[in-house]
Amino acid sequence: MSVRVRFAPSPTGYLHVGGARTALFNWLFARHHGGSFILRIEDTDRTRYVPDSLEDIMEGLKWLGLEWDEGPGVGGPYGPYFQSQRLELYQKYAHILVERGWAYKCFCSPERLERLREEQRRKKQPPSYDRYCRFLPDEEKKALEAEGRNYVIRLKVPLEGKTSFHDLIHGEITVNNVNIEDLILLKSDGYPTYHLANVVDDHFMKITHVMRADEWIPSTPKHILLYKGFGWEPPQFAHLPVILSPTGKGKMSKRKTVGPDGRIYPVLVREFKEAGYLPEAMFNFLALVGWSYDDRTEIMTKEQLVERFSLERVKSSPASFSYDKLEWMNGYYIRQLNPDDLANRLVPFLQRAGLQADFSKIRPIVPLIQERIKTLSDAVALVDFFFQEAISYEPEALVGDNMTPRESLEALRRAYERLVALPSFEEKAIEESLRALAADMGLKAGQLFGIIRTAVTGKKVAPPLFGSMAILGKDRTLARMEKALKLLEKLAA
RNA sequence: GGCGCAUUCGUCUAAGGGUUAGGACACGGGCCUUUCAAGCCCGUAGUAGGGGUUCGAGUCCCCUAUGCGCCA
């Protein structure tokens, strides 16, 4: 039997890294086994619906390269893939369960349930339904139904015994049935709860492996009971470790975007994209959250990950999300890009920052910055001076290390004269000329170049100087130096 | 509160009962160097605590602690 797995998000929020990792593991598992990856939308909670979220989820998956074989947009033989379009199915099967004696109608009013909860709270008991309607005589039930009273359908959980299942990651998990309450399967408005819809869909969509986050472990025994009630073979379960925020406190998905240090920490896939992370780096990084290949291999292509992925090597303990490591890996992936590719990816980031950038202008700059950026957005602060007509900086920054303003002025003036006289404004020629000048003047290279760097780029930290000057061109370089000379004259006066 | 899951360097992880407990990120130092990076070399640092089982425990069992999650 071929492997069929699904990612089943609710359109109640944008795609976050936790969801993305779950989707990724499902996708890897499917591809590894030559099976199918299905996208199913669990949109039965109308109150929490977030309008853009469906699009965001699909875009996020596509950005990461997790294309689905069945689901929205592509269809498939087991649709529809929106739960809101399958309501009759859930209703039908809820009632089948009632007929089979595995579930019952519950007519308890919200008021009675509230009183019950109140009382349990007072007695410090765990709140749970007291199964009042489960033991209601048939005639009474019929009467209530004839009256037209609203009802929900609840699962008739065995009053004793244990329910257990084998988890592919955690091993045997067992709970006592007394700890499971008679959960609602079908609400009074005819909408299913998560549990019912999930089990019915997984069955009819022929899902073979359910891979989802750890937090669903406590629900799984309920699902097992449902499968039993229906007489269906349950799928295999694999509960993935949760992703914790970098502090290790709390789930990553609940983390706030702005950290205590004021920095922006993305949590949504779209935020990572906007921050300039590469999808291939995210893919590689996310694969390593809770899974590893061996004791040393970390950089892996998509193909290698598909080839190597296995559930046996998924950890059972939670992992906290390391922005440091992601940044490093993203930088690594950026360095591996071919320069044309990188230039293309940089364009939108520079344009969004207000720079008049296009491929032809950026391409020559790429070799100067490729190994200096960790995210695509890092490039902005490094290259803005290429695109601005006027650059600004503190005049004091023009003074060389261990030099006076007067000495700095002299050095810059002589540098200017040499550059004016240069027949070719090539990187190599510029460097040779200025190195010779430093030697002539008895200056350290860093002293002279530091002055020029500020004059030309307006920065203390910038891409390699001579290459930058060559790209900037003779006219613009000299104009900036003239401006700097004036500033230095004032300082030296 | 009840139930569940988890615990190896700061972080991510490796170690089919027997290794000087390995690698990566981060951090520190050095080399290279026009700044910053990148690259290379070196280093700091870990089996939560306590009991067992065993010739031998990071690895198996129990307890405690702590963290996380689920149910309201």
Side-chain angles (χ1 to χ4, degrees), chain A residues 113-114 116-118 120-121 123-129 164 167 169-171 173-181 183 213-222 239-254 285-299 312-332 334-336 367-374 378 381-382 397 400-401 415 427 430-431 434-435 438 443-454 456-457 459-469:
Chain A
L113 293 176
E114 184 48 45
L116 178 67
R117 224 168 295 150
E118 192 60 46
Q120 286 167 336
R121 210 175 307 149
K123 290 185 183 165
K124 297 214 158 78
Q125 290 170 339
S128 76
Y129 179 59
S164 57
D167 187 283
I169 293 165
H170 294 272
I173 294 178
T174 304
V175 292
N176 288 317
N177 292 333
V178 281
N179 293 321
I180 306 175
E181 76 164 331
L183 58 139
D214 253 357
E215 59 209 64
W216 293 105
I217 288 178
S219 307
T220 308
K222 301 170 185 174
H239 288 94
L240 277 17
V242 290
I243 307 178
L244 269 24
S245 79
T247 54
K249 302 232 181 240
K251 288 204 294 179
M252 181 67 182
S253 55
K254 289 179 181 157
F285 179 78
L286 251 21
L288 259 16
V289 178
W291 176 83
S292 63
Y293 175 59
D294 60 14
D295 63 339
R296 53 195 66 246
T297 315
E298 296 194 305
I299 300 290
E312 292 78 58
R313 295 197 63 92
V314 174
K315 288 265 288 190
S316 57
S317 51
S320 61
F321 192 93
S322 171
Y323 286 95
D324 279 338
K325 191 136 186 178
L326 205 216
E327 274 214 341
W328 164 77
M329 192 173 277
N330 202 60
Y332 178 87
I334 284 178
R335 274 170 255 138
Q336 303 307 310
L368 301 184
I369 63 167
Q370 184 153 17
E371 59 189 34
R372 293 179 166 74
I373 56 176
K374 288 192 158 73
D378 284 348
L382 227 42
D401 280 347
E427 176 175 350
I430 298 169
E431 176 164 5
L434 294 179
R435 276 196 195 284
L443 289 172
K444 281 199 252 178
Q447 289 179 298
L448 177 63
F449 301 163
I451 299 168
I452 301 171
R453 178 175 298 108
T454 302
V456 173
T457 70
K459 300 172 194 297
K460 284 271 184 216
V461 174
L465 184 56
F466 315 115
S468 298
M469 291 165 80

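Proteins get letters first, then strands, A, B, ... in listed order; numbering begins at 1 in each. Computed over heavy atoms, backbone and side chain alike; hydrogens, waters and symmetry mates excluded.
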Could you check how far [atom1] of [X] sits from [atom2] of [N], rounded to whole Å?
X: A/H170; N: B/U7; atom1: NE2; atom2: C1'; result: 13 Å
X: A/D214; N: B/C71; atom1: CG; atom2: P; result: 14 Å
X: A/Y332; N: B/A24; atom1: OH; atom2: P; result: 13 Å
X: A/L288; N: B/C12; atom1: CG; atom2: P; result: 12 Å
X: A/K315; N: B/A15; atom1: NZ; atom2: C1'; result: 11 Å
X: A/I243; N: B/G69; atom1: CD1; atom2: P; result: 13 Å
X: A/W216; N: B/C5; atom1: CH2; atom2: P; result: 18 Å
X: A/D295; N: B/G58; atom1: CG; atom2: C1'; result: 16 Å

Please measure how far the [atom1] atom in [N] lies from the corresponding atom in [M], and state the result in whole Å.
N: B/U66; M: B/C60; atom1: C1'; result: 22 Å
N: B/A15; M: B/G23; atom1: P; result: 15 Å
N: B/C12; M: B/C27; atom1: C1'; result: 15 Å
N: B/A45; M: B/G29; atom1: C1'; result: 15 Å
N: B/U19; M: B/G58; atom1: C1'; result: 12 Å

Any donor-acceptor pair under 3.5 Å linking the side chain of [X] with the backbone of [Y]?
X: A/R335; Y: A/E371; value: no
X: A/D294; Y: A/R296; value: yes
X: A/N330; Y: A/K374; value: yes

From [X] atom [atom1] to [Y] atom [atom2], the distance as rounded to the nearest 0.5 Å:
X: A/L326; Y: A/L286; atom1: CG; atom2: CG; result: 8.0 Å
X: A/D167; Y: A/I217; atom1: CG; atom2: CD1; result: 5.5 Å
X: A/K315; Y: A/W291; atom1: NZ; atom2: CH2; result: 14.0 Å

Just N and O in the side chain of [X]: are any of them under 4.0 Å from OP1 or OP2 of [N]?
X: A/S292; N: B/A14; result: yes
X: A/H239; N: B/C5; result: no
X: A/R313; N: B/A15; result: yes
X: A/K222; N: B/C71; result: no

Problem set entry | Under 4.0 Å protein heavy-atom contact, by nucleotide of nucleotides 25-38 of chain B - B base, S sugar-phosphate only | SS-------BBBBS
Sort out the partner of [N] for me: Watson-Crick or G-U wobble, both distances under 3.5 Å, none otherwise.
N: B/G10; result: B/C25
N: B/A57; result: none
N: B/C32; result: none
N: B/A45; result: none

For this session: Report the residue (A/T174 or A/F321) whose heavy-atom-nearest nucleotide on RNA chain B is the more 5′ of the two.
Result: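 The residue whose closest nucleotide sits nearer the 5' end is A/T174.
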Exercise. Which part of the nucleic acid does A/G290 contact within heavy-atom distance under 4.0 Å: base, sugar-phosphate only, or nothing?
Worked result: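 Sugar-phosphate: the residue A/G290, judged by heavy atoms under 4.0 Å, touches backbone atoms but no base.
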Exercise. What pairs with A/F285 under ring-ring contact (aromatic ring centres under 6.0 Å, His included), at least two apart in sequence or on another chain?
Worked result: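 For A/F285 the ring-ring contact (aromatic ring centres under 6.0 Å, His included) partners, ignoring immediate neighbours, are A/F321.
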For this session: Return the nearest nucleotide to the side chain of A/V175; candidates are B/C5, B/C12, B/C3.
Result: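 Of the candidates, B/C3 comes closest.
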For this session: Kindly write out the residues that satisfy side-chain hydrogen bond (donor to acceptor under 3.5 Å, both in side chains) with A/H170, not counting sequence neighbours, or none if the list is empty.
Result: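 Checked A/H170 against side-chain hydrogen bond (donor to acceptor under 3.5 Å, both in side chains); matches are A/D214.
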